[in-house]
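Read the structure below first, then the notes.
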Amino acid sequence: MTTRLDVAVVGAGIVGLATAFRLLEARPDLRVGVYERAAEVATGQSSRNSGVLHAGVYYPPGSAKARWCREGKEQFERFAEEHDIPVLRTGKLIAAVHRRELPGLRRLVDRARTNGVEIVELDAAGVHEHEPHVTAVAGAWTPETAVTDFAVACRRLVELIEERGGTVTTSCEVLDIDERDDGVRLRTAAGDVEAAAAVVCAGVCSDRMARRSGFELSEQIVPFRGSWLRLADDKTHLVRGSIYPVPLAGLPFLGVHLTRRIDGQVWIGPNAMLALARQGDDPWSVNARDLVETLRFPGLWRLGRRHLGAALGELWRDRLIAANVREVQRYVPEITVQDVERGPWGVRAQLMSRDGDLVDDFVVRDSARVVHVLNAPSPAATSSLAIGADIRDRTLARLTG
């Protein structure tokens, strides 16, 4: 039996669900269906994160990240208030431990102000006022940074989609996408779906889905695993909000940081390790196809040659908790190895060029009938409702055009 829709959405992470919600919000008459490979929604990056609602400090002015983060955070906070989703503004401290980090901190402050973020420069005494257990020569404080539970938001989005007549089907992998002049045919594990347009928010499989629908890509998704440490309950008083280092230049990862989550737990991390599988049951899951595909990609080796030291450092800290803690002790010296335990982990879908550059912005590409979200790293969860609104407009243009 063939299911007929106006719009089929592939992927029930927060971006896919936000897109379906925005479509039905604008056009309640549409037939919209969301298809998810996993048994539940938001099992990937959408729930395996620190839960931070980012203010927009780090992103180059004019980039999609900068624009959608600012718009998306405001939209998410309004949505959360309307739908009883917990949000707590805990603020973020960026700590410069050495004077050599001061130019990088200054650049971040300038960038944040250009992006419209409220941010305050601090001396050592100011750092201590906001985070009494942090040791730093200087810092920057943004009170707008908040924490939430994105998994709760995803479940509420499902309810709203279904209340508006849409469907969300889990345990239903999309096996193929055939774009035609008059529409799109999806072959799924539950049967065929015919739609006037499709939106693909497939995360770690976004490049594969794009190629299945006829896109030619030079880039490839290279999966990176991030793991957290969890701070003991009797030590969570050492962290009031979010504490971040000044990030290393040339890499989109922000470095090991500490986050007081919405439930009061404090997570340390994540690190950034090459993942041996795009999806798996444990941090060291191996998928032969994924691994071979990654190792054959020339961009990986070009990146490795440029950042070998950083990669070895990530591996060392991943395997040895004491090494990870030593990194944290640079700015929170009271935390010891006895105060932490291994916590959650997740896989980040990172688009990489053949030159070895990690694509640092959101990437959305489309054809006559299909919109593909190819790269949606952090702050995608923060930005999800703004991204969804943009994709909604692209999709509606395809329906009317």
Is the [atom1] atom of [X] crowded by more than 12 outside heavy atoms at less than 6.0 Å?
X: Glu40; atom1: CD; value: no
X: Trp284; atom1: CH2; value: yes
X: Asp233; atom1: CG; value: no
X: Arg319; atom1: CZ; value: yes
X: Asp282; atom1: CG; value: yes

Please examine the side chains of [Y] and [X], heavy atoms only from C-beta on, and report whether any two atoms are closer than 4.5 Å.
X: His54; Y: Tyr59; value: yes
X: Leu374; Y: Glu219; value: no
X: Glu77; Y: Glu81; value: no
X: Trp228; Y: Ser50; value: yes

Let me see the working for Val340 and Val328 under side-chain contact (heavy atoms from CB on, under 4.5 Å), right down to the final yes or no.
-> CA-CA 11 Å; Val340 301; Val328 174; over 6 Å; no

Is it true that a side-chain atom of [X] and a backbone atom of [Y] form a donor plus acceptor pair closer than 3.5 Å?
X: Gln220; Y: Glu293; answer: yes
X: Asp361; Y: Ser63; answer: no
X: Thr19; Y: Val15; answer: yes
X: Arg369; Y: Asp181; answer: yes
X: Glu144; Y: Glu118; answer: yes
X: Lys235; Y: Ile335; answer: no
X: Arg317; Y: Val256; answer: no
X: Ser46; Y: Ile14; answer: yes
X: Arg155; Y: Ala42; answer: no
X: Arg22; Y: Leu385; answer: yes

Residues in side-chain hydrogen bond (donor to acceptor under 3.5 Å, both in side chains) with Asn287, at least two apart?
->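 Partners of Asn287 under the side-chain hydrogen bond (donor to acceptor under 3.5 Å, both in side chains) test: none.
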
Working for ring-ring contact (aromatic ring centres under 6.0 Å, His included), residues Phe150 and Phe76 = CA-CA 10 Å; Phe150 290 114; Phe76 188 96; 5.4 Å; yes

Under the side chain to side chain contact (heavy atoms under 4.5 Å, CB included) test, residues paired with [X] that sit two or more places apart:
X: Arg296; result: Val292
X: Arg78; result: Glu74, Gln75
X: Arg354; result: Ser218, Phe297, Pro298, Arg302

To the nearest 0.5 Å, tell me how far [X] [atom1] sits from [Y] [atom2].
X: Leu276; Y: Leu295; atom1: CG; atom2: CG; result: 8.5 Å
X: Asp192; Y: Arg4; atom1: CG; atom2: CZ; result: 10.0 Å
X: Asn115; Y: Leu108; atom1: CG; atom2: CG; result: 10.5 Å
X: Leu160; Y: Leu24; atom1: CG; atom2: CG; result: 10.0 Å
X: Glu194; Y: Arg180; atom1: CD; atom2: CZ; result: 6.0 Å
X: Leu231; Y: Asp234; atom1: CG; atom2: CG; result: 8.0 Å

Could you work out, with ring-ring contact (aromatic ring centres under 6.0 Å, His included) as the rule, every residue matching [X], not counting sequence neighbours?
X: Phe215; value: His372
X: Trp141; value: His130
X: His98; value: none
X: Tyr35; value: none

Please work out whether the ring planes of Tyr244 and His257 are parallel, tilted or perpendicular, with thresholds of 30° and 60°.
-> parallel

May I ask you to say whether Glu121 pairs ionically with Arg106, meaning some side-chain N is under 4.0 Å from a carboxylate O?
->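 Result for this pair is yes, salt bridge flagged.
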
If you measure from the Lys or Arg side-chain nitrogens to the Asp or Glu carboxylate oxygens, is any gap between Asp6 and Arg27 under 4.0 Å?
-> no

Residue pairs fulfilling side-chain hydrogen bond (donor to acceptor under 3.5 Å, both in side chains) with at least one residue in residues 382-393, sequence neighbours excluded |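 Counting only pairs at least two positions apart or across chains, the side-chain hydrogen bond (donor to acceptor under 3.5 Å, both in side chains) contacts touching residues 382-393 are Asp390-Arg394.
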
Measure from NZ or CZ of Arg261 to the centre of the six-membered ring of Trp267, then state whether that distance is under 6.0 Å and the direction lies within 45° of the axis.
-> yes

Intermediate values then yes/no, side-chain contact (heavy atoms from CB on, under 4.5 Å), Arg260 and Thr236 | CA-CA 8 Å; Arg260 176 176 283 275; Thr236 58; 3.7 Å; yes

What heavy-atom pair brings Gly139 and Leu93 nearest, and what distance separates the two atoms?
->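 Taking every non-hydrogen atom into account, CA-CD1, 4.5 Å.
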
What are the two closest heavy atoms between Val97 and Val137, and how far apart are they?
->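 Answer, listing the atom of Val97 first, then Val137: O-CG1, 3.5 Å.
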
Residues forming a salt bridge (Lys or Arg N to Asp or Glu O under 4.0 Å) with Arg211, sequence neighbours excluded |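 Per chain and number, Arg211 pairs via salt bridge (Lys or Arg N to Asp or Glu O under 4.0 Å) with Asp207.
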
Set of salt bridge (Lys or Arg N to Asp or Glu O under 4.0 Å) partners for Glu163, sequence neighbours left out = Arg156

Please lay out, stage by stage, how Leu17 and Val158 fare under the test side-chain contact (heavy atoms from CB on, under 4.5 Å).
-> CA-CA 7 Å; Leu17 293 171; Val158 171; 3.9 Å; yes

Taking only residues at least two apart or on different chains, which pairs with a member in residues 330-342 satisfy salt bridge (Lys or Arg N to Asp or Glu O under 4.0 Å)?
->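 Listed once each, the pairs are Glu101-Arg330, Arg230-Glu341, Glu327-Arg330.
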
